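Below you'll find the structure, written out as structure tokens, and then a few comments.
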Amino acid sequence: MAKRPILAILYDFDSTLATSDMQNFGFIPALGLTPKEFWEETTRFGEKTGVERTLSYLYMMIRMSKEKGIHMTRDWLREMGKHIEFFPGVLEWFSRINELGKENGIKIEHYLISSGNREIVEGCPIAKEFKVIYACEFLYGENGEPIWPKLAINYTQKTQYFFRISKGVYDANDDAGVNEKRPERRIPYSNIVYIGDGMTDIPAMIIAKNNGGKSIAVYPRGKEEKVRHLFDDGRVNYVCPADYRAGKELEKVMGLIIQSVAIRETLSKRESNK
């Protein structure tokens, strides 16, 4: 039996699948702070020290946890993932899209590329849906608490994972593999979709769109102005409400993309058989 073509869907997490930053739901309340207080303190630290924003928030997580007497282990962070609130339909989205792909002879693979915490994502109910999770991660000491960022992903670094996924080079430390020239890719660029919510996703969305894939900017219902300029500027293919329920606009767009991949694959096979 011939292998089914693969369509890879790459997702941002915060304000794309989750309704806000993942730290806002469990971690920050555990500190006794509001999200506004935590992120303003993180911003002040970054401005004062010149530390990049992603590294700043990772540092502040470690520092503030110690100040509050919280034993911030990997397991504790995973528990924080249980508090995350998702946009409507997210929990059921993956199985429906997988089935839609199957109906069209396409294998769907889901990947996460986030500047949030891998440990928190691992504790949320949709973690099992992703073939690979790329996110910031801590290195832990003998006492089980973080001592250093093991991996930090900011908005420009997200772009490398587009190429890793296309080549099937999943190890984030495999620099040789991702830069190696290969005659065939596991997933063609044209079979990659990136879904994000805005500014931190722009480089990755442009990479997807300019290489023949598709990029979709999602927004909370009633706040289209957040992403409309991305479409007007030609940076994304589509803008849709972040509503993942059956029959909504996002599912309709994804269905058309899946069908277009199926049609393209069928035409390609016919041409090669002539």
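Keep in mind the model is a prediction, meaning the values are calculated, not measured.
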**salt bridge (charged side-chain N to carboxylate O under 4.0 Å, His left out) partners for K214, two or more places apart** = none

**Asked** Can you check side chain to side chain donor-acceptor pair (under 3.5 Å) on Y57 and R53, steps first, answer last?
**Response** CA-CA 6 Å; Y57 97 72; R53 179 169 174 77; over 6 Å; no

**Message:** Apply salt bridge (charged side-chain N to carboxylate O under 4.0 Å, His left out) to residues K107 and E109 and explain how you reach the verdict.
**Reply:** CA-CA 7 Å; K107 180 182 179 183; E109 293 182 351; 3.5 Å; yes

**Asked** At what distance, to the nearest 0.5 angstrom, does CG of L77 lie from CD of E145?
**Response** 10.5 Å

**Side-chain (S65) to main-chain (M72) donor-acceptor, under 3.5 angstrom** = no

**Request:** Identify whether the distance between the nearest side-chain nitrogen and carboxylate oxygen of R44 and E41 falls below 4.0 Å.
**Result:** yes

**Request:** Give a yes or no on whether the ring-centroid distance for Y11 and Y194 is below 6.0 angstrom.
**Result:** no

**Item:** Verdict with supporting geometry, E251 and R245, salt bridge (charged side-chain N to carboxylate O under 4.0 Å, His left out)
**Value:** CA-CA 7 Å; E251 185 182 69; R245 290 176 292 181; over 6 Å; no

**Item:** Non-hydrogen atoms of P5 and G105 that approach each other most closely
**Value:** CD-O, 3.3 Å

**Message:** For the aromatic rings, using the six-membered ring if either is Trp, is the centroid distance between F130 and H110 under 6.0 Å?
**Reply:** no

**Message:** Nearest 0.5 Å, please: how far is CZ in F163 from CG in N211?
**Reply:** 5.5 Å

**Request:** Any chance you could measure I108, atom CD1, to R4, atom CZ, to the nearest 0.5 Å?
**Result:** 8.5 Å

**Item:** Y134 ring center near Y170 ring center (under 6.0 Å)
**Value:** no

**Fill in**
Heavy-atom closest pair (R164 atom, A172 atom, distance to 0.1 Å) is NH2-O, 3.1 Å

**Message:** Is it true that, when you exclude F45 itself, more than 12 heavy atoms of the residues, nucleotides or ligands shown sit nearer than 6.0 Å to its CZ?
**Reply:** yes

**Asked** Minimum heavy-atom separation for S115 to T54, with atom names?
**Response** O-CG2, 4.3 Å

**Message:** To the closest 0.5 Å, what do you measure between CD (E119) and CE (M22)?
**Reply:** 10.0 Å

**Item:** Which atom of D14 lies closest to which atom of G116, heavy atoms considered
**Value:** OD2-CA, 4.3 Å

**Message:** One pair to check against side-chain contact (heavy atoms from CB on, under 4.5 Å): Y244 and I195. What are the steps and the verdict?
**Reply:** CA-CA 12 Å; Y244 294 79; I195 302 178; 4.1 Å; yes

**Message:** Tell me the closest heavy-atom pair linking Y140 and G144, and the distance in Å.
**Reply:** CD2-O, 3.1 Å

**Message:** Please check: side-chain N/O of R264 versus main-chain N/O of S190, any donor-acceptor pairing under 3.5 Å?
**Reply:** yes

**Sidechain-backbone polar pair: R118 side chain, I133 backbone, donor-acceptor under 3.5 Å** = yes

**Complete:** I187 and S166 have their tightest heavy-atom pair at O-OG, 2.7 Å

**Complete:** salt bridge (charged side-chain N to carboxylate O under 4.0 Å, His left out) filter on R74, not counting sequence neighbours, yields E122, E137

**Prompt:** Below 4.0 angstrom, N of the basic side chain to O of the carboxylate: do R96 and E99 qualify?
**Reply:** no

**Asked** Stepwise, does the side-chain contact (heavy atoms from CB on, under 4.5 Å) test hold for F94 with I126?
**Response** CA-CA 9 Å; F94 300 94; I126 63 172; 3.9 Å; yes

**Complete:** Output for pair (I216 CD1, D197 CG), nearest 0.5 Å, gives 13.0 Å

**Request:** Answer yes or no: are there more than 12 heavy-atom neighbours, outside K128 itself, under 6.0 Å from its atom NZ?
**Result:** yes

**Item:** Worked verdict on R228 versus E225 for salt bridge (charged side-chain N to carboxylate O under 4.0 Å, His left out)
**Value:** CA-CA 5 Å; R228 171 51 62 177; E225 70 278 0; over 6 Å; no

**Request:** Decide side-chain contact (heavy atoms from CB on, under 4.5 Å) for T16 and F13; before the verdict, give the C-alpha distance in whole Å, the side-chain angles of both, and the deciding distance to 0.1 Å.
**Result:** CA-CA 5 Å; T16 295; F13 193 92; 6.0 Å; no

**Message:** side-chain contact (heavy atoms from CB on, under 4.5 Å), that's the test. Do I263 and N104 meet it? Break it down for me.
**Reply:** CA-CA 9 Å; I263 292 170; N104 285 273; over 6 Å; no

**Asked** In this structure, are over 12 heavy atoms from other groups packed under 6.0 Å from K66 atom NZ?
**Response** no

**Request:** Evaluate the side chain to side chain donor-acceptor pair (under 3.5 Å) criterion for residues T156 and N154: first the C-alpha distance (whole Å), next the side-chain angles of each, then the deciding distance (0.1 Å), finally the verdict.
**Result:** CA-CA 6 Å; T156 54; N154 66 21; 3.0 Å; yes

**Prompt:** Hey, does I70 have a side-chain heavy atom less than 4.5 Å from the side chain of L31?
**Reply:** yes

